[in-house]
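Report on one structure; see the data block that follows.
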Amino acid sequence: KDGTVLDGSNTTDVRSIASITKLMTVMVTLDNDQPLDEVISTKLYKKNLTRRELISLAIIKSDNEAARILCEHHSNGYDGCIQAMNWKAWTLDMKDTHYIEPTGLSIFNVSTASDLVKLVMAASNYPIIKEDSNKDSIKMTVGKKSTAFFHNTNTLVGKGYDFIVSKTGWITKSGGCIVMMLTTERGIRTVVLLGSKNTKTRIPEAKTLALAY
């Protein structure tokens with residue numbers, strides 16, 4: 001919980017971080033202190049969505065469009081949102097971290113395992129991130145009548161684990177990624193896993209690490 005590293009490998013390698021980016025996108029959105037119940041006009045899922053709903057989609061479903069819309073509706077605009085993301089990284093002493101967009105689709109959103117420990121620790125101070133990190137799915141009305149369930153990209157959620165922070169990522173350049181802070185029998189543990197083979201291998205590898213120390 002205090003950031004003490006129990007074990008690590010290649011922790012200072014700068015790598016693409018894919019959708020782990022969205023943790024920072026949501027953090028600067030919440031820092032901006034705009035109304036969470038404000039309805040934002042979008043065509044996403046054929047409905048207008050509140051800022052709170054967009055946050056849930058970004059964290060739970062890892063929805064790229066939701067993250068982009070959040071950034072576009074930052075009080076300082078899209079560019080101001082990206083600037084806020086990089087500024088917050090600097091204030092957290094994440095020296096090897098840089099963002100150029102809010103979704104993680106760009107290979108130029110980069111960080112290190114060491115920096116991402118700091119990101120996870122910071123994210124753990126946001127009750128909304130903690131709430132969404134523990135939801136295995138969300139139900140949403142799409143269109144006029146249809147109901148859709150969007151499942152958490154971390155398939156361990158809802159399986160009896162007490163998550164504090166959870167976010168996955170994947171693009172070809174990054175491989176399978178996941179960061180998570182959870183309560184184990186040994187106490188609170190944070191796992192940062194970058195460069196796993198794919199989206200299927202990252203979860204069991206992260207689980208093994210979480211329970212090993």
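Just the heavy atoms: all of them, side chains too, but no hydrogens, waters or symmetry mates, feed the values below. Please read these numbers as outputs of a predicted model, since none were measured by experiment.
- In Gln83, the CD atom is not crowded: 12 or fewer heavy atoms of neighbouring residues, nucleotides or ligands sit closer than 6.0 Å.
- Between Ile128 and Arg52, some side-chain heavy-atom pair lies under the 4.5 Å cut-off.
- Taking the side chain as every heavy atom from C-beta outward, Asn10 and Arg15 never approach each other to under 4.5 Å.
- A donor-acceptor pair shorter than 3.5 Å cannot be found between the side chains of Ser133 and Ser166.
- Proximity of Ile20 to Val192: side-chain heavy atoms (C-beta onward) are nowhere separated by under 4.5 Å.
- For NZ of Lys130, the number of neighbouring non-hydrogen atoms (other residues, nucleotides, ligands) closer than 6.0 Å is 12 at most.
- Remark: side-chain polar atoms of Glu101 are paired, donor with acceptor, to backbone N or O of Ser106 under 3.5 angstrom.
- Nearest heavy-atom pair across Val110 and Ile17 is C-CG2, 4.2 Å.
- Glu65 places no side-chain N or O within donor-acceptor distance of the main-chain N or O of Thr42, the cut-off being under 3.5 Å.
- No more than 12 heavy atoms of other residues, nucleotides or ligands shown are found within 6.0 angstrom of NZ on Lys173.
- With Ser16 contributing its side chain and Ser174 its backbone, the two residues share no donor-acceptor pair below 3.5 Å.
- Surrounding NZ of Lys207 are at most 12 heavy atoms belonging to other residues, nucleotides or ligands under 6.0 Å away.
- A donor-acceptor pair under 3.5 Å is absent between the side-chain atoms of Ser19 and the main chain of Lys22, judged by distance alone.
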